[in-house]
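Heads up: the structure comes next, in structure tokens.
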Amino acid sequence: MIKLYNTYTNKLEVFKPINGKEVKMYNCGPTVYSYAHIGNFSSYLMADLLRRYLEYSGYKVKQVKNITDVGHLVADADDGEDKMEKAAREQKKDPYVIARFYEKVYIEDENKMNILEPFIRPRATEHINEMIHMIEVLMKKGYAYETEDGIYFDITKFKDYGKLSGNTLDKLHIGARVEINDKKKHPYDFALWKKLVFNNKYHIMKWDSPWGEGFPGWHIECSAMARKYLGDRIDIHTGGEDNIFPHHECEIAQSEAYSSKKYVNFWIHKRWFFVEGKKMSKSLGNIYTIKDIEDMGYSALDLRYLLLSAHYRAKLNFTKKGLTDAKNNRKKLLTLINELESITKKDTNLDIIKTMVKLAKKRFIESMDNDLNTSAALAVVFDLAKKINKFLKENTIGIEGANLVLSLIKEFNSIFGVLDLNKAHIPANIILLAEERKQSKINKDFKQSDDIRAQILKEGYELRDKPNNEYDIYPVL
RNA sequence: GGCGACAUGGCCAAGCGGUAAGGCAGUGGUUUGCAAAACCAUUAUUCGCCGGUUCAAAUCCGGCUGUCGCCUCCA
């Protein structure tokens, strides 16, 4: 029984899909006007974890993750410049070229982070017709109106506006400055379609519409694409906590006004984190990309581990030390796996190990069922690791027990995805060096032995001695 | 001003009414030619503060404080 915290009700709720074991999930994806940063990835990572865990729990997940390549305005819902156009102007390039470039890097980064490929990654610019269709219906139903610069959604017509964020109409009035310089009926009415007039006269990305040439508002793309691939009603919609208002609030308004059905059952939002105790911001220069993390000497999987080590609704403090811890933890598990895989002896303790593995699995599932409590789940894994290491030390675990533990760790990894379990291929020259060192050791030439070990480390491999001059070779993570 | 979230050891982080998980770092020890890995021991009488409920509260209730996000305000 999986329980998830639903932002819509502010409660922990038992998850139940609309349709049997089928889960329809929509993730708010990136706006590809620049490199995605670790904050963006933490949100996609949460979605990936949720998808993996749902699949592990027997659900079939249809995951849609959009690519926003137009229409995301830099200021509020209907003012300011389009992010894509701004980047294009600044970099003096075609906005499409920019969008495709950053999209490519973004997908490469997701692969590095072991984020699974969704069912589809629809692009906003390729779904303009679907958006226009929705806007037309909203016009017909009286939820939208036309002004000289665009089509707007009339929030006073949608009674549930504000239900997600708490920013209901009466609350929005408090202290609200009334916009008199535009033709909107209510200051919080948001753009569905923008015409090529005034500031937007020279917008490069533009399409024909019943209201003349123009481009879509930011919010409508998600409603239109979610509807196209998942239907009017979806089970789970995710995003960063900053998306709650206005983006998701507006999505609900558009989609429910259009279909007259409940749009989303579960709204799941990823909490932001700090970087070294501070808010991640351009002015502080602490916005990291995957490349930055790699340049610091860590892998995307170290980052993945760190971001998953805290609960998704808790505020993590992202630090360099945290990355080091993550790396060490991953190493610890890989070492254990390696040791277990080299066991050949028969079991003497099988019953105890069976019980331990069974209990660990039960606790692991209980933790994850409880709103994806990853910290608790990791604790279960390390608790087991500690106990098994003790058996290894005492040489009281055999091949059957080892396999039980291994398969549980692999199950765990199918959800967390933090370990690369493909046996690393150790190059021949490294093995040669290791053998050479073994001889030096036997000859008690420790100077040479240490030199060779340093040489191997320099080439990216770690040599660990075992009894009788035997050794293990580990790739440096 | 509005809505919401969070506050646990040096750091990260569990805990969901029964007397503080786990990881990292530190210290001492075992092992090792030396390392690394692993193991053993050790590190919160205490969970932001103040009240209340209870035989029993980090856990429930009320109030306060702090931090953060969004909105607003201000520019």
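Chain A is the first sequence line, chain B the second, and so forth, proteins listed ahead of strands; every chain is numbered from 1.
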Report yes or no: is there a donor-acceptor pair, N or O only, under 3.5 Å between the side chain of A:Arg453 and the base of B:A35? yes
As a test of reading the structure: which of B:A14, B:G2, B:A5 is closest to the side chain of A:Arg313, going by heavy atoms? B:A5
Please give the distance between the P atoms of B:C40 and B:G23 as a whole number of Å. 10 Å
Can you check whether any acceptor in the base of B:C34 is under 3.5 Å from a donor in the side chain of A:Asp465, or vice versa? yes
At less than 4.0 Å, is any side-chain N or O atom of A:Asn328 found next to OP1 or OP2 of B:C24? Yes or no. no
Any-strand Watson-Crick or G-U partner of B:A20, both distances under 3.5 Å: none
Measure from the side chain of A:Phe274, starting at C-beta and using heavy atoms only, and say which of B:G23, B:C68, B:G33 lies closest. B:C68
May I ask you to verify if any side-chain N or O of A:Lys332 is less than 4.0 angstrom from the OP1 or OP2 atom of B:C24? yes
Does A:Ser449 contact B:G33 through a side-chain donor or acceptor facing the base, at a distance under 3.5 Å? yes
Please report the distance separating the P of B:G66 from the corresponding atom of B:C50, rounded so that it comes out in whole Å. 16 Å
Side chains of A:Asp154 and A:Thr156: do they bring a donor and an acceptor to under 3.5 Å? yes
With both distances under 3.5 angstrom, what nucleotide forms a Watson-Crick or G-U wobble pair with B:A5? B:U67
Of all pairs that satisfy side chain to side chain donor-acceptor pair (under 3.5 Å), the ones with a partner from residues 334-353 of chain A, not counting sequence neighbours: A:Thr335-A:Arg464, A:Glu341-A:Lys423
In the structure shown, which nucleotide is the Watson-Crick or G-U wobble counterpart of B:U45, with both distances under 3.5 Å? none
Quick check on B:G15: is either OP1 or OP2 less than 4.0 Å from any side-chain nitrogen or oxygen of A:Asn370? yes
May I ask you to decide if the ring planes of A:His237 and A:Tyr263 are parallel, tilted or perpendicular, using 30° and 60° as cut-offs? perpendicular
Name the nucleic acid region contacted by A:Phe446, choosing base, sugar-phosphate or nothing; use a 4.0 angstrom heavy-atom cut-off, strictly under. base
Rounded to the Å, how far apart are A:Lys270 NZ and B:C70 C1'? 16 Å
note: A:Asp242, atom CG; B:G4, atom P; distance rounded to Å ~ 18 Å
Determine the Euclidean distance between corresponding P atoms of B:C34 and B:A41; express it in Å to zero decimal places. 24 Å
Taking NZ from A:Lys327 and C1' from B:A36, how many angstroms apart are they, rounded to a whole number? 16 Å
Using the C1' atoms only, state how far B:A20 lies from B:U72, rounded to an integer number of Å. 42 Å
Take the protein atom CG of A:Leu372 and the nucleotide atom C1' of B:C16, then report the distance between them rounded to whole Å. 17 Å
Honestly, is A:Lys327 close enough over A:Tyr305, meaning NZ or CZ under 6.0 Å from the six-membered ring centre and within 45° of the axis? no
Suppose we define a pair by two distances each less than 3.5 Å, Watson-Crick or G-U wobble; what does B:A38 pair with here? B:U30
Taking for each residue the nucleotide of RNA chain B bearing the nearest heavy atom, is the 5' side occupied by A:Glu339 or by A:Lys447? A:Lys447
In whole Å, what separates the C1' atom of B:A5 from that of B:C11? 23 Å
Could you give the CG-to-C1' distance, from A:Asn373 to B:A21, as a whole number of Å? 11 Å
Please report, rounded to the nearest Å, how far the P atom of B:A36 is from the OH atom of A:Tyr461. 22 Å
Please tell me which of the listed nucleotides, B:A36, B:A13, B:A5, lies nearest to the side chain of A:Ser375? B:A13
Phosphate oxygens OP1/OP2 of B:G4: is one of them under 4.0 Å from a side-chain N or O of A:Asn167? no
Can you tell which of B:C70, B:G22, B:C39 lies closest to the side chain of A:Asp383? B:G22
Taking the side chain of A:Tyr188 as heavy atoms from C-beta outward, which of B:U72, B:A25, B:C39 is closest to it? B:U72
Between P of B:U8 and CG of A:Leu316, the distance in whole Å: 13 Å
When rounded to the nearest Å, what value does the distance between C1' atoms of B:C16 and B:C60 take? 10 Å
Nearest to side-chain heavy atoms of A:Trp272, which nucleotide of B:C70, B:C39, B:G33: B:C70
State plainly whether the residues A:Asp450 and A:Arg453 are in salt-bridge range, i.e. N to O under 4.0 Å. yes
Phosphate oxygens OP1/OP2 of B:G69: is one of them under 4.0 Å from a side-chain N or O of A:Asn243? no
With a 4.0 Å limit, can you tell me whether A:Asn317 has a side-chain N or O closer than that to the phosphate oxygens OP1/OP2 of B:C12? yes
Kindly point out which of B:C39, B:A36, B:C24 is positioned nearest to the side chain of A:Lys393? B:C39
Give a yes or no on whether a salt bridge exists between A:Arg330 and A:Asp302, defined as a side-chain N under 4.0 angstrom from a carboxylate O. yes
Of the listed B:C24, B:G22, B:G69, the closest approach to the A:Asn329 side chain comes from B:C24
Any side-chain heavy atom of A:Tyr312 within less than 4.5 Å of one from A:Leu45? no
Is there a Watson-Crick or G-U wobble partner for B:A56 with both distances under 3.5 Å, and which nucleotide is it? none
Answer yes or no: is there an ion pair linking A:Glu294 with A:Lys112, defined by an N-O contact shorter than 4.0 Å? yes
Do A:Leu164 and A:Ile244 make a side-chain contact, defined as non-hydrogen atoms from C-beta onward lying under 4.5 Å apart? yes
So, is A:Tyr5 near the phosphate of B:A5, with a side-chain N or O under 4.0 Å from OP1 or OP2? yes
Expressed in whole Å, how much space separates the P atoms belonging to B:U43 and B:C6? 31 Å
In whole angstroms, how far is the C1' atom of B:C70 from the OH atom of A:Tyr161? 12 Å
From the candidates B:G22, B:A14, B:C71, the one with an atom nearest any side-chain atom of A:His311 is B:A14
Considering only the P atoms, how many Å lie between B:C3 and B:G62, rounded to the nearest integer? 15 Å
Tell me which of A:Thr335 and A:Val380 sits closer to the 5' end of RNA chain B, going by the nucleotide each one is nearest to. A:Val380
Options B:C71, B:C34, B:C68, nucleotide nearest the side-chain atoms of A:Asp450: B:C34
Give A:Lys321 one of three labels, base, sugar-phosphate or nothing, depending on what nucleic acid heavy atoms sit under 4.0 Å from its own. base
